[in-house]
Amino acid sequence: MIDIDATPFPYPFAPGTTALVIIDMQRDFVEQGGFGASLGNDVTLLHTAIEPIAKLLAAWRARGWPIVHTRESHKADLSDCPPAKRLRGSPTQRIGEPGPMGRLLIRGEAGTSIIPALAPQPGELVIDKPGKGMFWSTGVHEMLHAQGVTHLVFTGVTTEVCVQTSMREANDRGYDCLLIEDATESYFPAFKAAALAMIAAQGAIIGWHTPSTALLEALPPN
Ligand code: TIU
């Protein structure tokens, strides 16, 4: 184990059994014309997370450690998208409706693909998730268990929605979770700050957070 400088106290990093989790770095959230923009958000606020995630991805690939990419997405017939999710709010376009990158959040459409800078490579897990959390209706817990994964390092978007939901689900399943501060972003900076504070409160009640440099500088050589 390696102690990583983190909030609220050092994170016990397990080389080899820690998966890098990249939540929903897909065109639908990061690019104009996707689901994130349809909700009225400024998608450019998410772009600063791309470079730190790319550096972590390179570090994991160089060491042959497990990597998980997720995509928030639904079946073409929307049978896995409950009306409670599809009809909520007043977006300019709803899940399943056509946009410039295809039907919003529908598997196989251009918008659900992961941005080219972070494109998955063979051997990496790519999880399509119908919920905000990565464990609901995906089987990913069993896949991680089969690989002997005990710890998860979280990155991706958005901090307070899919990242936080996934991290809470992971914490309940017994994983030690570390969120990388500059490798996650939100459409609402105040929500990102609040999510980080909640996660680490009460003695890391959900997990830890730290900047990418603190983790990268502490990794063993590949
Ligand atoms: N991936 C993810 O966070 N899905 C969202 O819908 N996020 C929002 O912030 N809306």
Side-chain angles (χ1 to χ4, degrees), residues 1-25 29-30 44-70 114-127 134 140 144 147-160 162-164 166-168 170-171 173-186 189 191-222:
M1 302 292 271
I2 302 169
D3 275 350
I4 307 291
D5 190 24
T7 302
F9 52 83
Y11 173 75
F13 183 84
T17 62
T18 303
L20 177 65
V21 179
I22 305 174
I23 299 287
D24 300 356
M25 287 302 291
F29 293 108
V30 178
T44 64
L45 288 167
L46 306 187
H47 294 179
T48 56
I50 297 171
E51 192 178 331
I53 298 173
K55 286 184 178 159
L56 290 162
L57 195 50
W60 251 252
R61 284 175 176 159
R63 291 165 179 80
W65 292 345
I67 295 166
V68 183
H69 305 259
T70 70
I114 292 171
I115 60 170
L118 304 174
Q121 289 184 359
E124 299 170 1
L125 288 177
V126 180
I127 303 296
M134 66 187 274
V140 75
L144 292 171
Q147 292 192 20
V149 170
T150 55
H151 291 53
L152 299 175
V153 165
F154 277 91
T155 67
V157 298
T158 61
T159 316
E160 78 283 4
C162 289
V163 175
Q164 185 177 206
S166 298
M167 198 165 166
R168 286 173 181 268
N171 187 53
R173 285 163 177 77
Y175 298 93
D176 281 317
C177 299
L178 175 66
L179 175 58
I180 305 301
E181 295 158 14
D182 51 326
T184 184
E185 268 309 331
S186 169
F191 290 174
K192 175 179 174 178
L196 289 173
M198 280 182 232
I199 282 164
Q202 302 177 77
I205 197 150
I206 307 298
W208 291 254
H209 58 82
T210 201
S212 58
T213 47
L215 176 56
L216 288 166
E217 286 166 10
L219 293 182
N222 44 315

State, yes or no, whether a side-chain contact exists between Val30 and His47 at a heavy-atom distance under 4.5 Å. yes

Give me each pair satisfying side chain to side chain donor-acceptor pair (under 3.5 Å) with a member in residues 16-25, each pair once, sequence neighbours excluded. Thr17-Thr150, Asp24-Thr70, Asp24-Lys129

If I compare all heavy atoms of Ala200 with all of Pro8, which pair ends up nearest, and what's the gap? O-CG, 3.4 Å

With side chains defined as the heavy atoms from C-beta onward, is the minimum distance between Val157 and Val163 less than 4.5 Å? no

Spacing of Thr155 atom OG1 and Glu185 atom CD [to the nearest 0.5 Å]: 12.0 Å

Could you tell me whether the side chain of Val21 reaches within less than 4.5 Å of the side chain of Val153, counting heavy atoms only? no

How many angstroms lie between atom CG of Asn171 and atom OG of Ser166, to the nearest 0.5 angstrom? 12.5 Å

Close side-chain approach of Leu118 to Leu57, heavy-atom, < 4.5 Å: yes

Classify the angle between the aromatic ring planes of Phe13 and Trp60 as parallel (below 30°), tilted (30 to 60°) or perpendicular (above 60°). perpendicular

Return the minimal non-hydrogen interatomic distance between Pro120 and Ile114, and the atom names on each side. CG-CD1, 3.7 Å

Quick one: list whatever passes side-chain hydrogen bond (donor to acceptor under 3.5 Å, both in side chains) with Arg173, sequence neighbours left out. none

Decide whether Thr184 and Thr159 meet the rule of one side-chain donor and one side-chain acceptor closer than 3.5 Å. yes

Separation of Leu152 CG from Leu20 CG (nearest 0.5 Å): 9.5 Å

Could you tell me the separation between the CD1 atom of Ile53 and the OG1 atom of Thr48, rounded to the nearest 0.5 Å? 9.0 Å

Test item: His69 side-chain N/O and Met25 main-chain N/O as donor-acceptor pair under 3.5 Å: no

Has the side chain of Arg63 got a donor or acceptor atom that lies under 3.5 Å from a matching backbone atom of Pro15? no

Check whether any side-chain heavy atom of Leu196 sits under 4.5 Å from a side-chain heavy atom of Phe191, and report yes or no. no

Distance from Cys162 atom SG to Ile23 atom CD1, nearest 0.5 Å? 7.0 Å

With a 4.0 Å cut-off on N to O distance, would you call Lys192 and Glu160 a salt bridge? no

For residues Met167 and Ile199, determine if any side-chain heavy atom of one lies less than 4.5 Å from a side-chain heavy atom of the other. yes

Value for CG (Asp3) from CG (Asp5), rounded to nearest 0.5 Å, stands at 9.5 Å

Below 4.5 Å, heavy atoms only, C-beta onward: do Asp176 and Leu178 meet side chain to side chain? no

With the side chain counted from C-beta on, respond yes when Leu144 and Val68 share a heavy-atom pair under 4.5 Å apart, and no when they do not. yes

Only pairs at least two apart or in different chains count here, so list each side chain to side chain donor-acceptor pair (under 3.5 Å) that has a residue in residues 196-222. Glu181-His209, Asp182-Ser212

